[in-house]
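Because only heavy atoms are used, hydrogens play no part in the values below, and waters and symmetry mates are left out as well, while side chains stay in. First listed ligand is number 1; within each ligand, the first listed atom is number 1.
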Amino acid sequence: MMFFVYNLSIYSPKNKACKELNDFIVQFNHILIKDECSLDALRCSIEAKINEINSAHPKLRPIRYDWNESLMRIDASIKAGSGCPDYLFVMDVCCVQSVFQFSEANSQANAIATLGICRVCGCTENDPCYHPDHSTCWWADEEHTICSHCADPDIANDPITEHCINSKGGHHEK
Ligand SMILES: [Zn+2]
Ligand SMILES: [Zn+2]
């Protein structure tokens, strides 16, 4: 699963520490995040940066890092007295559902590819294709929309290639 930073609202800095954080966070606007592990790493590096800024400015009000799992939102704020907190930035992340890609070879129906499902044969991580010489298939593209056994014409056109061995129940189960 890939992710995308679709919104990054940065508010005018209240002090030097806020300015430092704003200058750091701006680089993450509209970025594509390759997988869950990378999203975790991004969250950790933002949290680490906030901790670093806080310890460099011990006399200023500490910046608070927050991650809201259900909203998929990272934010940083400063608690201002008893009132509501002042936000420094709000970053909204969403899951990338599919990739739209123009393709001469495929029909229009295949132009939207769902990540993690081969757009040609429909195989997935848990339902791969099989060829005796090449074993099970692997992803042929970074987005995980086409498998090796469909992308390579030699394997794809070989009649002994079996696609989606679990759901289509090839000779392994017969
Ligand atoms: Zn395939
Ligand atoms: Zn496959």
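- His57 has its side chain within reach of Glu20: a pair of non-hydrogen atoms, C-beta onward, lies under 4.5 Å apart.
- Each of Leu8 and Tyr87 belongs to its own hydrophobic cluster when Ile, Leu, Val, Met, Phe, Trp and Tyr are linked at side-chain heavy-atom distances under 4.5 angstrom.
- No more than 12 heavy atoms of other residues, nucleotides or ligands shown are found within 6.0 angstrom of NZ on Lys19.
- For the pair SG of Cys123 and SG of Cys129, the angle whose vertex sits at the Zn ion (ligand 2) is 110° to 10 degrees.
- One of the N, O or S atoms belonging to Cys137 lies under 2.8 Å away from the Zn ion (ligand 2).
- The number of heavy atoms from other shown groups lying within 6.0 Å of CD (Gln27) is above 12.
- To the nearest 0.5 Å, atom CG of residue Leu88 and atom CG of residue Asn15 are 7.5 Å apart.
- Among the atoms of Cys147, an N, O or S atom falls under 2.8 Å from the Zn ion (ligand 1).
- The nearest N, O or S atom of Cys150 is closer to the Zn ion (ligand 1) than 2.8 Å.
- Within the coordination shell of the Zn ion (ligand 1), defined by N, O or S atoms under 2.8 Å, Cys121 is present.
- Among the backbone and side-chain atoms of Cys118, an N, O or S atom lies under 2.8 Å from the Zn ion (ligand 1).
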